[in-house]
Number of protein chains: 2
Amino acid sequence: MGHTPSFHPLYRQIKELLLTALQRREWQPGEAIPSEQELAQRFGVSQGTVRKAIDELVAENLLVRKQGKGTFVVSHNDPRQFYRFLRLRRDDGEWIQATSVPIDCWRAKAGQEASKVLQIPQGAPVVILRRVLRFSNKPLVLDEIYLPGDVFEDFSLDALREWRGSLYAFFEQRFGVRMVRAEERLKAVAADRIAAEALGVTERTPLLLVERLTYTYHDRPVEWRKGYYATLEYHYFNELT
Amino acid sequence: MGHTPSFHPLYRQIKELLLTALQRREWQPGEAIPSEQELAQRFGVSQGTVRKAIDELVAENLLVRKQGKGTFVVSHNDPRQFYRFLRLRRDDGEWIQATSVPIDCWRAKAGQEASKVLQIPQGAPVVILRRVLRFSNKPLVLDEIYLPGDVFEDFSLDALREWRGSLYAFFEQRFGVRMVRAEERLKAVAADRIAAEALGVTERTPLLLVERLTYTYHDRPVEWRKGYYATLEYHYFNELT
DNA sequence: CAGTGGTCTAGACCACCTC
DNA sequence: AGGTGGTCTAGACCACTGA
């Protein structure tokens, strides 16, 4: 009868152990985790099995291997990871450093849509943050960001203004929340007055609307944002496999 | 001294052998390749080494494993692969089958841009194809597709009109060209008269412009297309990892 | 049942980094 | 020199498929 075989290979159980250890921050972002040999001993399995578990975590961008040095917890504070999820590129392919400029921030209660996507009760506290991303000093992205209030308690615009680096690096450092993966939904829309002003374009200019839902460990959604991208000399880059 | 160590592990050499075998169509799309044991014997390596080579080809979507049955060459003619590279989804998440409707097709000489992206000489023959994608009978995507003329010789609109299935399935079946990966560049633009008419929207409606460069084996570009997507009730879906 | 991919082990050795 | 990840092997056994 249609029962689920529920066969769980050993390396997946090891992976789950590593995942929960990461989740409770047994090793800090940027730090090395124990060596494969050491983990194999700790869990009572062979090194090859630990290796296969780590393989999957590396494929999911939670860990990075460095030959001869060790395996490290990925951190958004690593300069190479600063804008890891930002797919905006110049049309000529040149790389431009982005700068985040906070605009305003307030607290509110979750409406129907926010409560649904963030999987929190309606009326639960949310933090709403608006900011602009500048590329070579041109404002190109206007973001409106919704955060669950209980995870981001006493979020302060002042602390953010002093921050050098990406927003996710800030979240990781200050709130211990590591963004692990995200889903984006893109549409073309006409700029309203607010977006037009923030981005220095005329009203009704076509903008790329990028709706992003970001997850931390174990598929828990912890950020929802709407981004309005001005794509005159820039584009959103994507690879399909 | 900055010399390249150029250490090539055995399994990568095996992978390369498999790749060239795939490229010269030693095994047809949809067919099984020899078993891991058999390949190990043929190449004189252990099964684990063959396995690791296949692992990478599976990760690149060139092969699929089916436990107990074998390892198969991925085919765009597999119904589950029909619109593998199409990221358009309904806003409510429901799955809608797309239908391709060819409009017109003509031959031309490669201009500066086409020659650059397709890596062919300027003036080399290209086939230009325009078609519309319909979702539940609504035209939602207008595609203008550039193909290198030497690869797609005697491309005929008549044969395409009779075809049931995706364009890439057609290319694979008729021309032996398998699309392996693609890069997309997205912008928001205003609909011109032609796009507006084809998609049944008013002129200057914001559209998603999706420029796609598609590659076959060994990173050889074989298709360039510009797609205009009407994203009123639909969106382009993307996962970031 | 035989044949396939999938897992797990133990051990040897290689490439790379740091001291 | 010693530690780390990376490769390769050989063999045993498990899970799944289809005749």
Side-chain angles (χ1 to χ4, degrees), chain A residues 1-18 21-22 27-28 30-75 78 80, chain B residues 1-18 21-22 27-28 30-75 78 80:
Chain A
M1 303 299 296
H3 79 294
T4 311
S6 92
F7 165 66
H8 291 294
L10 195 45
Y11 74 87
R12 278 211 195 280
Q13 302 174 39
I14 305 299
K15 180 187 174 188
E16 199 53 40
L17 289 174
L18 292 173
L22 285 168
W27 312 295
Q28 293 306 308
E31 279 185 12
I33 69 172
S35 75
E36 296 179 353
Q37 281 296 352
E38 201 172 327
L39 290 170
Q41 283 192 335
R42 178 188 305 187
F43 298 133
V45 299
S46 79
Q47 190 232 24
T49 300
V50 169
R51 189 167 178 78
K52 196 158 183 187
I54 292 179
D55 275 344
E56 294 204 345
L57 295 171
V58 168
E60 292 166 17
N61 285 303
L62 301 185
L63 299 175
V64 281
R65 297 183 201 273
K66 297 183 184 174
Q67 190 174 25
K69 299 176 76 174
T71 302
F72 297 78
V73 181
V74 165
S75 168
D78 177 341
R80 286 166 304 188
Chain B
M1 303 289 292
H3 79 294
T4 311
S6 95
F7 164 67
H8 291 295
L10 195 46
Y11 72 88
R12 281 214 193 276
Q13 304 174 37
I14 304 299
K15 180 187 174 188
E16 200 53 40
L17 290 173
L18 292 172
L22 284 168
W27 313 295
Q28 293 306 307
E31 278 185 12
I33 68 171
S35 75
E36 295 178 354
Q37 281 296 353
E38 202 174 325
L39 290 170
Q41 284 192 336
R42 179 188 304 187
F43 298 134
V45 300
S46 78
Q47 190 232 21
T49 300
V50 169
R51 188 168 179 77
K52 197 157 183 189
I54 292 180
D55 276 344
E56 294 203 346
L57 295 171
V58 168
E60 292 166 17
N61 285 302
L62 301 185
L63 298 175
V64 282
R65 297 184 201 273
K66 298 181 183 174
Q67 189 175 26
K69 300 175 76 173
T71 302
F72 297 78
V73 181
V74 166
S75 169
D78 177 341
R80 286 166 304 188

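Letters A, B, ... mirror the listed sequences (proteins, then strands); counts begin at 1.
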Minimal non-hydrogen separation, B:Gly30 against B:Ser75, with atom names:
N-CB, 3.7 Å
Distance (rounded to the nearest 0.5 Å) between B:Thr71 OG1 and B:Ile54 CD1
5.0 Å
Check DNA chain C against residues 46-65 of chain B and give the residues with a non-hydrogen atom under 4.0 Å, in numerical order.
B:Arg51, B:Arg65
Do A:Val73 and A:Leu22 come within less than 4.5 Å of each other through their side chains, counting heavy atoms only?
yes
Between C:dC14 (P) and B:His8 (NE2): distance, integer Å
19 Å
Filtered N/O pairs between nucleotides 17-19 of chain D and protein, under 3.5 Å:
from, atom 1, to, atom 2, distance (Å)
D:dG18, OP1, B:Lys69, NZ, 3.3

Sequence neighbours excluded, the answer for side chain to side chain contact (heavy atoms under 4.5 Å, CB included) partners of A:Val45 is A:Leu10, A:Ile14, A:Phe43, A:Thr49, A:Val50
Under 4.0 Å from any atom of DNA chain C, heavy atoms only: list the residues of residues 34-45 of chain B that qualify, in numerical order.
B:Ser35, B:Glu36
Taking five pairs at each end, how big is the angle between the two axes of the helix from C:dC1-D:dG18 to C:dT18-D:dA1, to 10°?
10°
For the atom pair CD (A:Gln41) and OG (A:Ser46), what is the distance rounded to the nearest 0.5 Å?
12.0 Å
Yes or no on salt bridge (Lys or Arg N to Asp or Glu O under 4.0 Å) for A:Lys52 and A:Glu36, after CA distance, side-chain angles and deciding distance?
CA-CA 10 Å; A:Lys52 196 158 183 187; A:Glu36 296 179 353; over 6 Å; no
Would you please name every residue forming a salt bridge (Lys or Arg N to Asp or Glu O under 4.0 Å) with A:Glu56, sequence neighbours left out?
A:Arg12, A:Lys15
The reported gap from CZ in B:Arg51 to CG in B:Leu39 (rounded to nearest 0.5 angstrom) is 12.5 Å
Going by heavy atoms in the side chains, are B:Gln47 and B:Glu38 under 4.5 Å from each other?
no
Send over the distance from A:Lys15 NZ to C:dC8 P, rounded to a whole Å.
13 Å
Just how far is it from atom OG of B:Ser35 to atom CZ of B:Arg42, taken to the nearest 0.5 Å?
10.0 Å
Give the rounded distance in Å between these two atoms: OH of B:Tyr11 and P of C:dC14.
18 Å
Can you tell me if A:Glu16 uses its side chain to pair, donor with acceptor, with the backbone of A:Gln13 under 3.5 Å?
no
Heavy-atom side-chain contact between A:Val74 and A:Leu63 under 4.5 Å:
no
Tell me: CZ of A:Phe7 to C1' of D:dA15, nearest whole Å?
7 Å
To the nearest 0.5 Å, tell me how far A:Phe72 CZ sits from A:Glu31 CD.
10.0 Å
